[in-house]
Peer 1: 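The structure is given below, and queries will be raised subsequently.
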Amino acid sequence: MLGKIFDIKRYAIHDGPGIRTTVFFKGCSLHCRWCHNPESQLFEEVRMTVKQKLGDRVFKESHVVGYELSVEQLMKEIAKDYVFFEESGGGVTFSGGEPLMQEDFLLEVLKQCKARNMHTCIDTAGVAPIHHLEDICRNTDLFLYDVKTADKSKFEEFIGMGFDRTIDNLKRIANQGVHIIARIPVIPRFNDDEGSMRQIIALLKDIPQIREVNLLPFHRNGYDKYKRLGMTYGMGQTQSLKEPDLEPLKVLFKESGFTI
Ligand code: SF4
């Protein structure tokens with residue numbers, strides 16, 4: 001069975017516990033205006049220019065982003081880092097793009113990771129149909145689940161279609177008893193106000209299994225990629241947020257009983 005990915009990041013420390021290998025799946029049906037991996041959105045390969053330095057001279061080259069590989073090939077890559085997982089309590093994180101859009105391939109890799117006793121994590125926006133929910137959950141230790149807004153019309157304006165599915169999948173996964181951390185990207189003029197966060201808190205309070213939240217400050221890190229892909233950056237001149245900007249929002253969540 002073949003899957004399509006666009007990157008493998010080793011020694012990641014923000015994608016779950018311990019030292020991790022993060023596998024970035026190609027393809028996502030959403031178009032978040034702040035997406036910092038725009039090269040992930042199309043399932044098909046895309047071309048992105050990269051700068052190469054040779055002595056003092058800088059060359060621009062066009063690189064293809066995205067490639068197919070088999071379950072066995074991916075497991076070989078993951079196995080190279082096994083010693084770091086053991087020593088740090090880490091494991092493998094499947095991110096993207098939207099890893100659940102390649103559900104069969106993902107499930108096969110998850111099963112093989114679990115057979116080798118690796119900690120597994122899925123970083124998802126939950127917008128794909130999940131046909132093998134029980135199997136996926138049985139082989140996943142942690143979900144990092146994006147909750148970007150509780151407002152359906154805002155979701156459709158800034159992100160795309162599929163709001164109901166993301167909430168439905170979140171509840172279905174929670175009912176399977178898997179550890180979930182809700183990840184909230186904090187985006188200026190989208191959800192960085194008290195009212196928007198209180199809506200998200202109300203939504204999450206309906207799902208008692210979720211009591212851990214990550215607030216992720218908006219950053220412009222993906223800006224350059226849009227130019228290199230010939231795409232328009234959806235956030236204009238909006239400046240990156242800093243950790244202190246999130247303090248008042250963190251207080252709201254803590255007061256509502258969430259761990260940040
Ligand atoms: S869900 Fe993630 S990968 Fe998909 S468009 Fe949004 S930020 Fe990008």
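We count residues from 1, following the sequence as given. In listed order, ligands and their atoms are each counted from 1.
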Peer 1: Measure Cys28 to ligand 1 on non-hydrogen atoms and call it side chain, backbone, both or neither using the 4.0 Å cut-off.
Peer 2: side chain
Peer 1: Should you measure from each heavy atom of Gln41, which atoms of ligand 1 turn up under 4.0 Å away?
Peer 2: 5 (S)
Peer 1: Hey, are Arg183 and Asp146 close enough for a salt bridge, meaning a charged N less than 4.0 Å from a carboxylate O?
Peer 2: no
Peer 1: Is the shortest heavy-atom distance from the side chain of Arg20 to the side chain of Cys121 under 4.5 Å?
Peer 2: yes
Peer 1: So, applying side chain to side chain donor-acceptor pair (under 3.5 Å) with Asn169, which one of Lys171, Arg165, Arg172 is it?
Peer 2: Arg172
Peer 1: With a heavy-atom distance limit of 4.0 Å, tell me whether Glu98 approaches ligand 1 through its side chain, its backbone, both, or neither.
Peer 2: neither
Peer 1: Salt-bridge test for Lys250 and Glu247: reply yes if a basic N is under 4.0 Å from a carboxylate O, no otherwise.
Peer 2: yes
Peer 1: Closer than 2.8 Å to atom 8 (Fe) of ligand 1: does that hold for any N, O or S atom in His36?
Peer 2: no
Peer 1: Check Arg228, Lys225, Lys26, Arg47 against Glu39 for a salt bridge (Lys or Arg N to Asp or Glu O under 4.0 Å) and give me the one that passes.
Peer 2: Lys225
Peer 1: Any side-chain heavy atom of Phe25 within less than 4.5 Å of one from Phe105?
Peer 2: yes
Peer 1: Considering only the protein, which heavy-atom contact is closest to atom 3 (S) of ligand 1, and what is its distance?
Peer 2: Gly97 N, 3.5 Å
Peer 1: Is Glu72 paired with Lys76 through a side-chain N to carboxylate O contact shorter than 4.0 Å?
Peer 2: no
Peer 1: Can you tell which of Cys35, Pro185, Cys32 gets a heavy atom nearest to atom 8 (Fe) of ligand 1?
Peer 2: Cys35
Peer 1: With heavy atoms under 4.0 Å as the rule, classify the contact between Lys148 and ligand 1 as side chain, backbone, both or neither.
Peer 2: side chain
Peer 1: Distance under 4.0 Å to a non-hydrogen atom of Ser40: what atoms of ligand 1 satisfy this?
Peer 2: 3 (S)
Peer 1: Tell me whether Leu30 reaches ligand 1 (any heavy atom closer than 4.0 angstrom to a ligand atom).
Peer 2: yes
